[in-house]
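For reference, the structure is listed below as structure tokens.
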Number of protein chains: 2
Amino acid sequence: MKTADPELMRAINRFHVMDVIRRYGPISRVEICERLQLSPTTVSAITGALIDDALIMPRQEGAVRDPARGRPRVMLELNPEAAFVVGVKLAPDQITVAVTNFRADILESLTLPIRIDRQPIPVIADLVEDGVRRCVADADLPMARIAGLCLGLPGLIVQSAGLCRQSPLFGERDVAFGPALSERLGIPVLLDTDVNLVTLAEHWFGHGRGLDDFMVVSIEHSLGLGIMHRGEIFRGASGLSPDLGDLLVQQHDAERAGIERLSAVASGAAIAAKLHDRLRRDGEGAPPSLRRLMARLRERVEGGDREAATVAAAAGEALGFAVANLVALFAPPRVILAGTVLEGGEALLRPLRETIPRLTPPGLGDIAEIVVQGWEETTWARGAAAMMLRELYGSPWGTTGPAERR
Amino acid sequence: MKTADPELMRAINRFHVMDVIRRYGPISRVEICERLQLSPTTVSAITGALIDDALIMPRQEGAVRDPARGRPRVMLELNPEAAFVVGVKLAPDQITVAVTNFRADILESLTLPIRIDRQPIPVIADLVEDGVRRCVADADLPMARIAGLCLGLPGLIVQSAGLCRQSPLFGERDVAFGPALSERLGIPVLLDTDVNLVTLAEHWFGHGRGLDDFMVVSIEHSLGLGIMHRGEIFRGASGLSPDLGDLLVQQHDAERAGIERLSAVASGAAIAAKLHDRLRRDGEGAPPSLRRLMARLRERVEGGDREAATVAAAAGEALGFAVANLVALFAPPRVILAGTVLEGGEALLRPLRETIPRLTPPGLGDIAEIVVQGWEETTWARGAAAMMLRELYGSPWGTTGPAERR
DNA sequence: AGACTTTTGTGTGCGGCACGTAAAAAATAT
DNA sequence: ATATTTTTTACGTGCCGCACACAAAAGTCT
């Protein structure tokens with residue numbers, strides 16, 4: 001923790017004001033005073049400075065109040081054009097790019113269904129750079145107006161350094177992908193786990209709104225775990241976010257009992273591998289995308305394919321085991337399940353839903369509520385934007401918080 | 001997070017100065033300036049106030065410096081008599097009480113080998129009250145000079161409320177033991193998990209010194225898990241500390257495969273239960289204390305008792321599994337193993353030591369260093385003192401940090 | 001040896017900045 | 001015009017940092 005000086009004090013309060021305007025805006029100065037327990041003087045000074053910086057702007061209309069007497073309130077809101085940011089998500093089979101404004105509204109997005117899995121790093125960087133430049137151009141913005149970029153990908157990431165320690169997408173370890181992109185595009189680049197972006201998005205706009213503690217489990221090609229803990233994204237000691245795939249589970253189906261990494265049982269990649277075998281045996285080709293594959297899984301299970309059902313059930317139970325352990329540790333009031341694999345249907349979901357309460361410790365069982373979040377391509381993009389915007393808001397100590405539903 | 005005002009600013013800096021003096025004291029004002037990057041003016045003002053409050057005191061001697069020229073430094077150090085606190089630890093078979101001064105030096109301690117397990121709550125409270133009053137009297141202090149008491153016990157504790165949600169020591173749930181004791185003794189009482197006290201003690205004085213991230217696994221009657229995360233004791237969402245015993249493990253010994261709570265395999269209580277059967281069968285009486293029991297376990301294993309060895313090995317492996325999972329989540333640079341059960345010897349320790357690196361994810365394997373801490377009765381007592389002192393230091397946001405070895 | 005210089009640590013006015021209180025000004029409804 | 005509510009302005013307090021003065025010892029010159 002830093003020592004305090006007037007500058008820090010100002011930064012803290014300025015950030016709070018920004019944050020309240022983002023969450024509850026349009027909002028008047030008096031209301032900000034109430035929410036933050038700051039004096040009108042301070043609020044006026046800070047909002048004045050923010051208006052001068054064009055980060056927020058006043059709006060005359062809409063100042064309704066019950067007894068509409070007295071001087072009308074001047075509502076303040078974020079200036080959507082104060083900054084623009086780019087969010088990028090890398091997955092094994094696609095690159096997605098989105099441009100948002102200062103309110104994390106998506107202005108333009110672009111999906112490239114390209115298999116980047118195991119491509120050389122410079123090639124991936126090329127693809128990302130092209131995608132970003134194209135998307136920014138489509139949004140009718142010059143690169144100079146882009147304040148920053150946030151890129152999410154699966155793996156072990158040291159966010160602070162923009163370093164990818166390890167990822168299923170990269171053949172190499174310890175890739176400084178953040179600095180490399182920053183160099184290419186000439187803008188600040190944040191690197192983070194894809195699931196952390198979704199976690200932040202859920203916090204600002206989704207099921208995590210109003211909650212300072214919740215957990216997101218994403219089940220795509222890789223498994224991801226995002227933890228919101230006391231309003232901050234939880235990162236392990238080295239700044240590494242925890243990797244759900246590295247958790248160990250017990251296999252309790254009889255044939256091969258033993259300890260395995262969760263990613264070997266329940267990830268999209270693992271399920272795909274097991275299903276590919278099955279499909280090939282039956283003379284079917286492998287579907288091109290994870291989404292298609294999951295649709296195929298569901299068809300098969302509904303068609304009575306026992307083997308496919310077993311694969312799905314094993315995955316669901318293993319996930320349940322892991323989630324129950326996580327609940328025991330973090331006691332989150334809500335667990336959000338997300339990811340393409342959930343489209344595999346009830347064959348996977350039912351065992352998962354049943355296992356979690358069964359294995360959760362009795363004292364905590366009533367605490368965690370399980371929510372399944374239909375995956376929207378836009379969710380993560382807003383998350384990436386939010387992650388970058390949080391930097392721009394100038395947070396003195398980290399995360400911000402959820403937006404009010406309006 | 002609070003909004004900032006000059007008062008908070010002062011509180012932050014004042015706390016920092018206190019903390020630096022505790023960690024590195026005796027220390028001169030200049031050195032404080034260097035460490036905290038505060039101006040001499042500020043440091044002088046703050047130390048002046050602290051001296052006025054008799055929390056710290058100057059000391060002329062010992063102001064050595066390489067080229068011993070110029071005005072000699074006035075060293076500042078904590079005033080050991082600024083406050084006194086009491087630490088209490090409850091275990092199923094004993095109550096331990098210690099009185100410490102403002103530097104967490106133990107002045108007087110007292111161990112009552114009483115089985116409190118399942119006694120009615122008021123009886124336990126009586127015993128604690130008596131023990132505390134006696135120990136304070138032995139330290140030649142009137143109760144009025146005791147600034148507070150911190151009590152550690154196994155179970156699920158909501159520290160902020162002094163509430164014991166659940167404990168192996170109490171027959172009831174949701175016992176407001178903190179307020180009850182506070183009422184009886186007329187002093188502030190903090191309630192916390194016993195392992196959190198040890199964790200804080202390790203941070204201030206032990207193997208966690210200088211580390212902002214580490215984990216403590218305590219293996220006594222119950223299993224305990226203490227996590228130091230970014231210099232703060234990690235608590236789950238509801239303020240509950242995670243309970244290691246609630247973690248799930250796979251039993252991979254053939255006879256009864258399946259999912260079990262770790263506490264059913266590796267806790268002192270579980271081992272004791274299994275061993276009692278064995279001892280009774282052989283016509284031996286059950287040893288009175290956990291420590292004795294563990295000695296017996298070791299004798300047996302060294303004497304070639306296969307069944308005892310199996311019990312120990314199963315416990316070790318299950319613990320290893322759990323710890324490996326925790327390492328995957330928190331990536332702590334160090335894991336401290338502590339607790340009476342470790343005195344059970346290599347039969348338990350070896351499998352534990354072997355399992356952890358085997359199951360730790362490859363990317364993190366080199367990160368976590370495993371340390372076995374010989375259990376000292378004094379450790380937790382200093383922890384309890386530290387926990388209470390931290391409050392007295394007036395921390396604006398939580399924990400402090402390690403002391404410098406001198 | 002004694003006075004002077006050098007060196008370093010500590011305390012004191014002063015300005016800057018941020019917050020808060022109180023009162024004035026602004027802007028509308030009655 | 002009056003009442004009411006919001007916002008701004010004027011002023012006071014507290015804290016930090018700067019520059020400087022003061023304090024105390026070691027070295028140095030006469």
Side-chain angles (χ1 to χ4, degrees), chain A residues 1-18 21 26-52 56-76 394 396, chain B residues 1-17 20-21 25-52 56-77 394 396:
Chain A
M1 182 71 177
K2 253 193 69 188
T3 55
D5 56 32
E7 202 179 323
L8 176 71
M9 193 160 85
R10 182 62 150 191
I12 290 174
N13 288 337
R14 185 180 154 118
F15 173 79
H16 268 126
V17 170
M18 269 299 267
I21 294 174
I27 185 176
S28 69
R29 292 178 177 81
V30 251
E31 225 178 316
I32 296 174
C33 294
E34 283 165 20
R35 286 200 182 274
L36 294 181
Q37 296 291 305
L38 283 173
S39 71
T41 317
T42 305
V43 171
S44 258
I46 292 174
T47 52
L50 291 174
I51 290 172
D52 286 348
I56 64 173
M57 48 192 216
R59 184 163 78 169
Q60 283 305 337
E61 355 108 42
V64 259
R65 196 170 68 259
D66 263 346
R69 304 210 299 185
R71 178 172 173 172
R73 301 176 168 183
V74 176
M75 306 306 270
L76 303 172
Chain B
M1 180 74 178
K2 255 191 65 187
T3 54
D5 56 31
E7 204 178 320
L8 176 71
M9 190 159 85
R10 184 60 147 193
I12 290 174
N13 289 337
R14 186 180 154 119
F15 173 78
H16 268 126
V17 170
V20 165
I21 293 173
I27 184 176
S28 68
R29 292 176 177 82
V30 248
E31 225 178 316
I32 297 174
C33 295
E34 282 165 21
R35 287 200 182 274
L36 294 181
Q37 296 291 305
L38 282 173
S39 71
T41 317
T42 305
V43 170
S44 258
I46 292 173
T47 52
L50 291 175
I51 290 173
D52 287 348
I56 64 173
M57 48 192 218
R59 184 163 77 170
Q60 283 305 336
E61 355 107 42
V64 260
R65 198 169 68 256
D66 263 344
R69 305 210 297 186
R71 178 171 172 176
R73 302 177 166 181
V74 176
M75 306 307 268
L76 303 171
E77 60 185 342

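Here is the naming used below: chain letters follow the sequence lines, and residue numbers restart at 1 for every chain. Computed from a predicted model, the values in this text were never measured in an experiment.
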Do side-chain atoms of B/T47 reach the backbone of B/S44 as a donor and acceptor pair under 3.5 angstrom?
-> yes
Which nucleotide in the list C/dT10, D/dT6, C/dC19 gets nearest to the side chain of B/V74?
-> C/dT10
Starting at CD1 of A/I32, measure out to CG of A/L38 and round the result to the nearest 0.5 Å.
-> 9.5 Å
Roughly how many Å is it from CD1 in B/I12 to C1' in D/dG14, rounded to a whole number?
-> 15 Å
Given the options B/T41, B/L36, B/V43, B/S39 meets side-chain contact (heavy atoms from CB on, under 4.5 Å) only with B/T41
Using a heavy-atom cut-off of under 4.0 Å over every strand shown, decide if A/P6 touches base, sugar-phosphate, or nothing.
-> sugar-phosphate
So, is B/R14 near the phosphate of D/dC15, with a side-chain N or O under 4.0 Å from OP1 or OP2?
-> no
Taking atom P of D/dG14 as reference, at what distance in whole Å does atom CG of A/L8 sit?
-> 21 Å
Protein-nucleotides 10-13 of chain D N/O pairs closer than 3.5 Å?
none

Integer-rounded Å distance: C/dA18 C1' and A/E7 CD = 12 Å
Write down the atom of B/C33, the atom of B/P40, and the distance for their closest heavy-atom approach.
-> SG-CA, 3.5 Å
Of D/dC16, D/dT7, C/dG11, the nucleotide closest to the side chain of B/I46 is D/dC16
Test log, rule side-chain contact (heavy atoms from CB on, under 4.5 Å), inputs A/I46 and A/M18 = CA-CA 9 Å; A/I46 292 174; A/M18 269 299 267; over 6 Å; no
Nearest-0.5 Å distance, CE of residue B/M75 to CD1 of residue B/I27 = 7.0 Å
In terms of heavy-atom contacts, A/P58 and A/L76 come closest through CA-CD2, 3.8 Å
Closest-nucleotide 5' rank along DNA chain C - winner of A/M9 and A/P40 = A/M9
Just to confirm, is there a sub-4.0 Å distance from OP1 or OP2 of C/dT10 to any side-chain nitrogen or oxygen of B/R29?
-> yes
Whole-Å distance separating the CE atom of B/M75 from the C1' atom of C/dG9 | 12 Å
Whole-Å distance between C/dT10 P and B/L76 CG?
-> 8 Å
Can you tell me how far C1' of D/dC16 sits from CG of B/L38, to the nearest Å?
-> 9 Å
Does A/N13 place a side-chain N or O at less than 4.0 Å from the phosphate oxygens OP1/OP2 of C/dC19?
-> yes
Between A/A4 and A/T47, who's closer to the 5' end of DNA chain D by nearest nucleotide?
-> A/T47
OP1 or OP2 of D/dT5 less than 4.0 angstrom from a side-chain nitrogen or oxygen of A/R73, does that happen here?
-> no
Here the distance between atom P of D/dC16 and atom NE2 of B/H16, to the nearest Å, is 13 Å
Tell me: CD1 of A/I51 to C1' of D/dT7, nearest whole Å?
-> 11 Å
Has A/S44 got a side-chain N or O lying under 4.0 Å from the OP1 or OP2 atom of D/dT8?
-> yes
Could you check if a side-chain atom of B/M9 sits within less than 4.5 angstrom of a side-chain atom of A/P6, using non-hydrogen atoms only?
-> yes
